[in-house]
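In this text the structure is predicted, and so the values were computed from the model without any measurement. Letters go in sequence order (proteins before strands), and every chain restarts at 1.
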Amino acid sequence: MSANAEVARILYEIGELYAIKGESFPSRAYLIAAQRIESLQDDIRSVYEKGELQVIPGVGKSIAAAIEEFLESGGCSHLQKLRESLPSGAQELMALEGIGPKTIMKLFYELKVTSIDQLEKAARSGKVRKLKGFGPISEKNVLQAIEDYRGFQKRFLLGQILPVLREIEEYMSSCGAVLRVDFGGSARRMKETVGDLDILVASEKGEEAVEYFISMPRVTRVISKGSTRSTIIVGSNLQVDLRAVPPESFGAALQYFTGSKEHNIKLRTLAVKLGYKLNEYGLFRRKDDKKVAGETEETIYQTLGLEYVEPELREDRGEIEAAMKGSLPNLVKYGDVRGDLHVHSSWSDGNIELDEIAEGAQQLGLEYIAICDHSRSLGIARGLDEKRLRKQMKAIEKLNRNLEGFMLLKGIEVNIMADGGFDLSNDILKDLDFVVASIHSGFKSGMKKMTDRLISAIHNEYVSTIGHPTGRLIQRRQPYPVDLKKVFGAAADQRVMMEINALPNRLDLNDVNCKGAMEHDVSISIGTDAHALGQLRYLPLGVSVARRGWLQTKDVANTLRIRELFRKVSR
DNA sequence: GCCGTTTTCGGCCCGACTGTTTTCAGTCG
């Protein structure tokens with residue numbers, strides 16, 4: 001874990017503990033600082049050494065001191081004290097739905113409950129219902145929350161959840177009482193993982209929309225339902241929230257339910273400063289409660305003196321400040337992408353023939369695809385040696401002769417070996433159109449070694465891009481340690497690109513690192529890494545990462561026409 | 001705990017739903 005991630009982790013924990021103590025303002029302060037440091041480009045240690053910790057927004061005297069202590073000693077006495085001041089299982093209990101700070105303290109003082117197991121025992125023996133403010137129903141809810149906690153997957157991959165979202169949207173649009181359907185939440189911000197779904201409908205008859213919603217196929221549980229909102233569980237463990245608002249408030253509701261929470265708090269604070277009140281029904285003037293915006297998101301941002309902020313940017317990473325100055329990036333659009341720069345075929349471990357790829361890609365409206373099968377040393381993936389690669393190149397050339405307005409590029413995903421060299425010679429690399437260089441093994445050789453391997457690959461004159469540059473697998477494997485600043489520097493120097501690998505469980509580079517690459521003037525290539533036909537559809541996921549990383553059309557190589565792309569890679 | 005184009009002290013976003021209460025606290029998003 002990088003120093004930034006470690007510091008962020010500590011600050012997050014302090015923030016969470018303050019929340020349990022019911023001290024919401026310090027809690028927020030720590031959580032904001034944690035988030036800032038997590039998405040900080042610079043190494044926190046070097047910021048500290050320059051004496052500039054308090055330059056980071058949200059970091060004041062106390063938090064700076066905590067960071068300093070941690071960097072110097074590896075510990076944090078403030079965190080220790082907080083931990084000791086709370087029941088030991090408080091954090092665990094906090095994870096239960098419906099259990100908050102007050103309940104945790106009550107459970108501790110009156111029932112000596114300090115863990116989920118103990119809580120379960122207390123609830124089963126009927127002790128919880130005797131607490132003041134509790135009853136049989138809340139006791140039953142506690143048991144349900146425990147069951148959910150044990151059974152639920154915590155977050156879903158964006159790529160898995162989007163199709164489900166489309167289905168629900170379609171279902172809700174067939175409701176007579178519904179005038180408009182959209183969705184918000186982290187899915188609309190295209191965050192790499194999504195905890196639950198937020199469906200928004202415009203309707204004059206909220207109750208009817210809610211009734212329709214809870215009658216959706218595959219609903220296994222209705223957690224709450226009112227006249228304007230409802231929460232259900234679909235299938236075994238997907239939580240879906242519905243909100244119904246009148247049409248004239250649709251924009252305000254969409255803005256509000258899209259989040260992020262931090263973005264919204266900042267926006268509402270700004271609204272208050274300017275003499276307004278912002279809620280899910282609209283933007284209101286404080287002095288006479290007159291509604292001044294709300295039908296669209298655009299009017300809300302505009303009235304607050306801001307440029308429109310695209311959902312993917314709403315993470316409080318400086319977008320509101322930029323929108324104030326009118327300096328938001330003109331984000332690359334989903335339709336700007338003309339090709340896919342990393343696809344596998346049946347020649348290695350993919351299961352699609354070259355002609356199927358060409359056909360599938362054209363159906364998606366693409367103009368080119370780079371065929372980048374694995375190279376020799378990846379035996380398990382039937383990696384190509386020089387002889388088979390030459391053969392594949394001929395097959396591609398032959399196919400291309402019969403194609404119009406579309407082209408397969410001759411490429412490879414060449415393996416970066418432990419010494420930073422390749423398992424194919426320059427003799428053959430020089431004859432290819434597109435070379436992705438990736439690390440597939442030896443992830444644990446340390447920051448310096450990994451960085452050197454990547455930089456050595458970047459210095460090969462035939463390399464076009466670095467594939468999945470950090471090697472992480474979302475919710476499964478941490479990124480390998482690598483000094484991305486150095487890598488970006490070398491890449492900028494050698495005019496080598498960095499890939500956004502668009503597989504749902506990779507999305508590597510991630511959003512924050514994309515922004516770092518862009519700030520180093522490094523171009524980005526997007527590749528689906530598809531091994532099956534359906535996976536070509538993941539290309540927009542790659543674009544979403546680029547957008548979340550503030551990238552513009554000019555930053556993304558896939559937006560080039562094929563001729564321009566050739567000029568770019570023949571450096 | 002942080003922050004300042006009202007403020008260096010006193011604020012810090014705002015509303016819906018539930019389960020327990022007889023008017024509201026707790027939780028969530």
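Taking for each of A:Gln54 and A:Ile223 the nucleotide of DNA chain B with the nearest heavy atom, the 5'-most of the two is the partner of A:Gln54. Map A:Lys132 and A:Thr269 each onto its nearest nucleotide of DNA chain B; the residue landing nearer the 5' end is A:Thr269.
Comparing B:dT21 with B:dG11, their C1' atoms sit 32 Å apart, to the nearest whole Å. For the P atoms, the distance linking B:dC28 with B:dT23 amounts to 25 Å, nearest Å.
Geometric assessment of A:Arg268 against the ring of A:Tyr256 yields a positive cation-pi assignment under the 6.0 Å and 45° thresholds. For the pair A:Arg129 and A:Phe134, the cation-pi criterion (under 6.0 Å, within 45° of the ring axis) is not fulfilled.
Along DNA chain B, the stretch of nucleotides lying under 4.0 Å from any heavy atom of chain A spans, 5' to 3', B:dG1 to B:dG29.
In the model, A:Thr296 has a side-chain atom that pairs as donor or acceptor with a side-chain atom of A:Thr299 under 3.5 Å. Side-chain contact of A:Tyr149 with A:Glu92: a donor-acceptor pair under 3.5 Å is absent, judged by distance alone.
Partner A:Asp288 forms a salt bridge (charged side-chain N to carboxylate O under 4.0 Å, His left out) with one of A:Arg286, A:Arg285, A:Lys290 and no other, that one being A:Arg285. When A:Arg189, A:Arg547, A:Arg317 are each tested for a salt bridge (charged side-chain N to carboxylate O under 4.0 Å, His left out) with A:Asp511, only one passes: A:Arg317.
Listed by residue number, A:Lys102, A:Thr103 are the residues of residues 102-109 of chain A with a heavy-atom contact under 4.0 Å to DNA chain B.
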